[in-house]
Amino acid sequence: MAISPPSDLVLDVVKAADPMEVQAAQEKLKANRAAFAATSLAENGKGFSNTVDVLDHIGQKSGLANIQNRTKAEEVPESYRKFEAMVLQNFVKSMLPSESEDVYGKGATGDIWKGMMAEQLGNTMAKGDGIGIAKQMYSEQLRRQEGKIVNASTDDRDRNTALSMIDDFQRKTFGTPTADAKADRTG
């Protein structure tokens, strides 16, 4: 029977170890490996912050980064924009990775941070022209209102006031006697 001392010793140690401690040690090794990889990328100029800087520079150069310099084609009410932002927030939240505990945290706190990230992305995308949801809904509402006839019924007092104002205007403008003055002369 052949014995391989290094591998047998390692297996005996692993078998004797507490499974929870083994799992914790493996997670620490993975975290250390990830930290080392991130540090190596950052040192070589290929890290996250460098990538963001490059994207910011490209955005500034093309003029797309500044949301304020977009032209406003049509003024859409804020309520429609807020609705579009909410719809976009739900879309973005569903697209964010579900296994993102390393980025947002674990449990309810992680869900809150993820929701806040989706909310900010949705609000930013809805600014300016957005993707057109608010504009489409607003133009549809305007089209619906064009076909409606406004009920402008008035009572007799309002009607008489309006007629007297018309008579006064005619008298002052044309120098013609009002209907009441004509009735006084004939009667």
Side-chain angles (χ1 to χ4, degrees), residues 6-145:
S7 64
D8 288 343
L9 288 174
V10 171
L11 285 175
D12 289 341
V13 170
V14 169
K15 289 178 184 175
D18 181 27
M20 297 302 286
E21 289 179 12
V22 169
Q23 186 178 6
Q26 288 174 341
E27 287 179 16
K28 283 182 183 179
L29 286 172
K30 285 180 187 176
N32 285 342
R33 244 183 273 139
F36 176 74
T39 305
S40 297
L41 287 173
E43 287 174 354
N44 294 330
K46 298 178 183 177
F48 180 75
S49 62
N50 188 45
T51 304
V52 169
D53 290 342
V54 168
L55 292 175
D56 283 345
H57 178 69
I58 291 170
Q60 294 293 337
K61 195 174 184 181
S62 66
L64 296 175
N66 188 358
I67 192 84
Q68 303 303 327
N69 88 8
R70 294 184 185 171
T71 59
K72 291 184 179 179
E74 181 181 352
E75 193 61 37
V76 177
E78 188 65 23
S79 58
Y80 290 94
R81 293 202 186 283
K82 286 181 179 179
F83 178 78
E84 181 173 2
M86 182 195 64
V87 169
L88 290 171
Q89 172 187 345
N90 290 331
F91 286 154
V92 168
K93 191 172 185 178
S94 68
M95 289 188 283
L96 290 174
S98 58
E99 297 297 322
S100 57
E101 291 178 352
D102 294 338
V103 178
Y104 302 111
K106 295 181 182 179
T109 307
D111 291 339
I112 290 171
W113 281 107
K114 186 176 176 181
M116 289 171 68
M117 175 71 150
E119 180 181 2
Q120 290 302 315
L121 289 170
N123 288 339
T124 301
M125 290 188 329
K127 286 182 182 175
D129 288 336
I131 62 170
I133 296 172
K135 187 176 180 181
Q136 179 68 27
M137 288 178 59
Y138 182 59
S139 63
E140 187 68 30
Q141 183 65 25
L142 289 177
R143 270 197 297 269
R144 283 189 205 140
Q145 288 180 351

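Keep in mind the model is a prediction, meaning the values are calculated, not measured. Values below: all heavy atoms of this structure, side chains included; hydrogens, waters and symmetry mates excluded.
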Legend entry - Atom of K114, atom of P97 and distance for their closest heavy-atom approach: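 Looking at all heavy atoms of both residues, the shortest contact is NZ-O, 3.0 Å.
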Inset, instruction - Please report the closest heavy-atom contact between A134 and Y80, naming both atoms and the distance. - result: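 What the structure gives for the nearest pair is CB-O, 3.4 Å.
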Legend entry - Test log, rule salt bridge (charged side-chain N to carboxylate O under 4.0 Å, His left out), inputs R81 and E84: CA-CA 5 Å; R81 293 202 186 283; E84 181 173 2; 5.1 Å; no
Roughly how far apart are [X] [atom1] and [Y] [atom2], rounded to 0.5 Å?
X	Y	atom1	atom2	value
K127	N123	NZ	CG	7.5 Å
F83	L88	CZ	CG	10.0 Å
M116	W113	CE	CH2	5.0 Å

Inset, instruction - Give a yes or no on this: more than 12 heavy atoms of other residues, nucleotides or ligands lie within 6.0 Å of atom CE of M117. - result: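 Not more than 12 within 6.0 Å, no.
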Inset, instruction - Step through the shown structure and confirm whether more than 12 heavy atoms of other residues, nucleotides or ligands are within 6.0 Å of CE on M20. - result: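 It does not: M20 CE has 12 such atoms or fewer within range.
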Legend entry - Flag side-chain contact, heavy atom, 4.5 Å: M125 against V92: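 Result yes, sub-4.5 Å side-chain heavy-atom pair found.
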Legend entry - Test item: Q89 side-chain N/O and G122 main-chain N/O as donor-acceptor pair under 3.5 Å: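 No.
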